[in-house]
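Structure first, commentary second.
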Amino acid sequence: MSSAPRFRFAPSPTGFFHVGGARTALYNWALAKRLGGTFVLRIEDTDEARNQPEWTQGIIDALAWIGVRQDDPTFQGPYFQSQYAEAHVEAAQRLFAEGKAYYCDLTSEQIQERSKTNGKQGYDGYSRDRGLEAGPGRVLRFRVPEGQTIVNDLVRGRVEFANETIEDFVLLRGNGSPMFLLANVVDDITMRVSHVVRAEEHLPNTPKQQMIWDALGQTPPVWAHVPVLVNEQRKKLSKRRDKVALEQFRDEGYLPEAMINYLMTLGWAPQGETEIVPWSTIERDFKLEDVNHSPAFFDLKKLAAFNGEYIRAMSTDEFFEAAQPFLVGENIPWTPAQFDEAKFRAMAPLAQTRLVLMTELPMLVDFLFLDEPLIDEDSWNKTFGSTDGVEMLNDAIAALSTGLDWNHDSLKLCIEATGAARGLKLGKAQAPIRVAVTGRTIGPPLFEALELMGEEQVMKRLRAAAERLASA
RNA sequence: GCCCCCAUCGUCUAGUGGCCUAGGACACCACCCUUUCAAGGUGGCGGCACGGGUUCGAAUCCCGUUGGGGGUGCCA
């Protein structure tokens, strides 16, 4: 094969972008990039009942999010399978003319009936030699030849299929429209696809498709079937019961770099001791021959760990930029007018190490912008359920009202001393202040936050908490 | 049922006949650090599914068993 390889990714637009599809796309993309080839995007929209045009943009956007960008010269498409229907039918007719396919008028009920009586599973080739012409309700079936079909797969090796185990499958439906097996092959031929890299669930289709390639007088492509992604029950990830929409991960605050890196490690591992590697390394080292053979569990916990790593690895400026989309919107407790960019910028580095998802960011900094903290009742009850907590708060108010320098060092010393007077360590002593000011027992470093908020705001909140306790 | 694929810690993997007393990562546990929570550091737990071969030597090669998975549509 002397010319540059042509890879393809051929999703059907069914609503959202599946993480399994994302990984397959990434594999194809990495290879196309490294080998100086082409990545063809083809939308398989022939199942009219299930397709919606707007899903196509969703696919393009999702691909762009994981770095498979339409404006990259490696990228070609999208093509739409529905627009090649004529070529599919033409190819089918050629096969019919050459006796490599034949028409059959049996309904699926009749086929079932026959298999019951003759004991054979599936279609038995009933119409093979009946010499039927095309007609309404008649399907065109491929005449599976004798012998065996050998699929040479880059990740599986040599896979043999006895042709007698493959029934004469349908090429054209009764209404004349092409089926997936045919359309897929004809398009691959048309688009000069040289490498078909797809999920393992397609392996049983491969001998059939290879026979179509052969029958059409074409050299089959290089096949590679990569393991499927599974859930905790070891079943193929399904949209019904599993969380698989790439868009959802994006919206929940997963970084694309983390998602890309994680997806690539499912079935493959970069050299060396670390799995966290930049795309450039992946692109340079990824090979199909190194892909694992067994299904991989899509582990949310590990994905989350990757995401945390990637968040922490950002520079302060990068983090600030990445945070922007997560600081506005309907789930944000503060109004745009309340937001204070300077305060956020000061707090951002302290929040950065405390995040797994970007969507967790607001609850770490919301108290900076709100007029009053959002009180978490559990935190409140836990902290002020004891007299220690209540008295510590009152002591702190007194101690902080003595005109100390309002910076985190002296604030810390002050609270430390106040707590010590009551026999409390700093960890215990700071809790009532934290809850009164931020509303929660956990959050970013307290004294830095107090400094940032300013004396007036802090004292106001401490007194408000004391009043609430007094009136309770 | 039939066809096909797969099998290393709980999970993702490294390993391509001797460097393996099986390495790393996630998760989990303990300790350290500590301003809560994280992060970070140190250590720990834990695996070659089983049985036969081949070989001086097997996680690695072969066969079988068992166990998982995928496919079996006039879906893609």
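When reading the values below, keep in mind they use all heavy atoms of this one structure, side chains included, and skip hydrogens, waters and symmetry mates. A note on names: the letters A, B, ... follow the listed sequences, proteins ahead of strands, and every chain is numbered from 1.
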Check: What distance, rounded to whole Å, do you find between the two C1' atoms, one in B/G10 and one in B/A49?
Finding: 15 Å
Notebook entry, point to check: Roughly, in whole Å, what's the span from CG in A/Leu361 to C1' in B/C37?
Noted result: 15 Å
Note to self: Just to be sure I understand the rule, does A/His225 reach a base, reach only the sugar-phosphate, or reach nothing, if contact means heavy atoms closer than 4.0 Å?
What the structure shows: nothing
Checklist line | Proximity of A/Tyr123 and A/Phe169 rings by center, below 6.0 Å | finding: no
Notebook entry, point to check: If you look at every strand shown and take non-hydrogen atoms under 4.0 Å, does A/Ala431 touch a base, only sugar-phosphate, or nothing?
Noted result: nothing
Margin query: Quick check: A/Phe306 with A/Tyr262 (ring centres under 6.0 Å apart)?
Written below: yes
Notebook entry, point to check: Which one, B/U35, B/A27, B/G69, comes nearest to the side chain of A/Ala305?
Noted result: B/A27
Next item on the list: Under 4.0 Å between any heavy atoms, over every strand shown, what does A/Phe297 touch: base, sugar-phosphate, or nothing? Just pick one.
Entry: sugar-phosphate
Notebook entry, point to check: Any side-chain N or O of A/Lys208 under 4.0 Å from OP1/OP2 of B/U72?
Noted result: no
Item checked: B/G69 OP1/OP2 closer than 4.0 Å to side-chain N/O of A/Lys236 -> no
Notebook entry, point to check: B/C26, B/A39, B/G69: which one has an atom nearest the side-chain heavy atoms of A/Lys301?
Noted result: B/C26
Check: Mapping A/Pro445 and A/Leu106 to their closest nucleotides on RNA chain B, which lands nearer the 5' end?
Finding: A/Pro445
Item checked: From B/G24, B/C6, B/U13, nucleotide with atom closest to A/Pro295 side chain -> B/C6
Notebook entry, point to check: Under 4.0 Å: is that the gap between some side-chain N or O of A/Arg354 and OP1 or OP2 of B/U36?
Noted result: no
Notebook entry, point to check: Between A/Glu275 (CD) and B/C26 (P), how many Å, whole number?
Noted result: 8 Å
Check: Looking only at side-chain N and O atoms, does A/Lys412 come under 4.0 Å of OP1 or OP2 in B/U35?
Finding: yes
Notebook entry, point to check: Distance between the C1' atoms of B/C56 and B/G67, in whole angstroms?
Noted result: 34 Å
Notebook entry, point to check: Of A/Glu448 and A/Gly267, whose nearest nucleotide on RNA chain B comes first from the 5' end?
Noted result: A/Gly267
Notebook entry, point to check: Mind checking the P distance from B/C75 to B/A25? Whole angstroms is fine.
Noted result: 50 Å
Check: According to a strict under-4.0 Å criterion, is A/Arg434 in side-chain N/O contact with OP1 or OP2 of B/C37?
Finding: no
Check: Would you say the side-chain atoms of A/Gln110 and A/Arg114 include a donor-acceptor pair closer than 3.5 Å?
Finding: no
Notebook entry, point to check: Does OP1 or OP2 of B/C5 have a side-chain N or O of A/Arg234 closer than 4.0 Å?
Noted result: no
Checklist line | Atom pair distance, as rounded to whole Å: NZ in A/Lys425 and P in B/U34 | finding: 11 Å
Checklist line | Closest listed nucleotide, where the reference is the side chain of A/Val170 and the choices are B/U13, B/C74, B/C5 | finding: B/C74
Next item on the list: Send over the distance from A/Arg156 CZ to B/G71 C1', rounded to a whole Å.
Entry: 13 Å
Notebook entry, point to check: For A/Asn231 and B/G68, what is the distance between atoms CG and C1' respectively, to the nearest whole Å?
Noted result: 13 Å
Note to self: Give me the distance, rounded to whole Å, that separates B/C3 from B/C50 when you measure between the C1' atoms they each carry.
What the structure shows: 25 Å
Next item on the list: Rounded to the nearest angstrom, tell me the gap between atom CD in A/Glu360 and atom C1' in B/A39.
Entry: 14 Å
Checklist line | Sugar-phosphate only, base, or nothing, as touched by A/Leu203 at under 4.0 Å among non-hydrogen atoms | finding: sugar-phosphate
Item checked: Side-chain donor-acceptor contact under 3.5 Å, A/Arg173 with A/Ser177 -> yes
Margin query: Heavy atoms only, 4.0 Å cut-off, all strands: where does A/Phe161 land among base, sugar-phosphate and nothing?
Written below: sugar-phosphate
Note to self: Looking only at the side chains, is there a donor atom on one of A/Asp187 and A/Thr190 sitting less than 3.5 Å from an acceptor on the other?
What the structure shows: no
Next item on the list: Using the C1' atom as the reference point in each nucleotide, state the distance between B/A59 and B/U16 in Å, no decimals.
Entry: 11 Å
Next item on the list: Measure distances between side-chain N and O atoms of A/Lys302 and base N and O atoms of B/A27, and say whether any donor-acceptor pair falls under 3.5 Å.
Entry: no
Notebook entry, point to check: With rounding to whole Å, what would you report as the distance between B/U8 and B/G23 at their C1' atoms?
Noted result: 11 Å
Next item on the list: Determine the interatomic distance between C1' on B/G46 and the same-named atom on B/C9; round to the nearest Å.
Entry: 5 Å
Note to self: With side chain to side chain contact (heavy atoms under 4.5 Å, CB included) as the criterion, how do A/Thr265 and A/Lys302 come out once you've worked through the C-alpha distance, each side chain's angles and the decisive distance to 0.1 Å?
What the structure shows: CA-CA 11 Å; A/Thr265 65; A/Lys302 190 152 182 179; 5.6 Å; no
Next item on the list: Indicate whether OP1 or OP2 belonging to B/A76 is found under 4.0 Å from a side-chain N or O atom of A/Arg198.
Entry: no
Note to self: Working note: A/Arg234 + A/Glu232, criterion salt bridge (Lys or Arg N to Asp or Glu O under 4.0 Å); need CA distance, chi angles, decisive distance, verdict.
What the structure shows: CA-CA 5 Å; A/Arg234 299 252 118 211; A/Glu232 213 153 7; over 6 Å; no
Distance-only donor-acceptor pairs under 3.5 Å for side chains of residues 281-291 of chain A, two or more places apart:
from, atom 1, to, atom 2, distance (Å)
A/Glu283, OE1, A/Trp279, NE1, 2.7

Check: How close or far is atom P of B/A76 from atom CZ of A/Phe9, stated in whole angstroms?
Finding: 17 Å
Notebook entry, point to check: Just how far, in rounded Å, is C1' of B/A76 from CD of A/Gln209?
Noted result: 10 Å
Next item on the list: Among the candidates B/C26, B/G69, B/G70, find the nucleotide nearest to the side-chain atoms of A/Lys235.
Entry: B/G69
Next item on the list: State whether A/Asn205 places a side-chain N or O below 4.0 Å from either non-bridging phosphate oxygen (OP1 or OP2) of B/G70.
Entry: no
Next item on the list: Give A/Arg141 one of three labels, base, sugar-phosphate or nothing, depending on what nucleic acid heavy atoms sit under 4.0 Å from its own.
Entry: sugar-phosphate
Item checked: Sugar-phosphate only, base, or nothing, as touched by A/Pro444 at under 4.0 Å among non-hydrogen atoms -> base
Next item on the list: Can you tell me, in whole Å, how much space there is between the C1' of B/C33 and that of B/U42?
Entry: 11 Å
Next item on the list: Assign A/Thr441 to base, sugar-phosphate, or nothing according to its heavy-atom contacts below 4.0 angstrom with the strands shown.
Entry: base
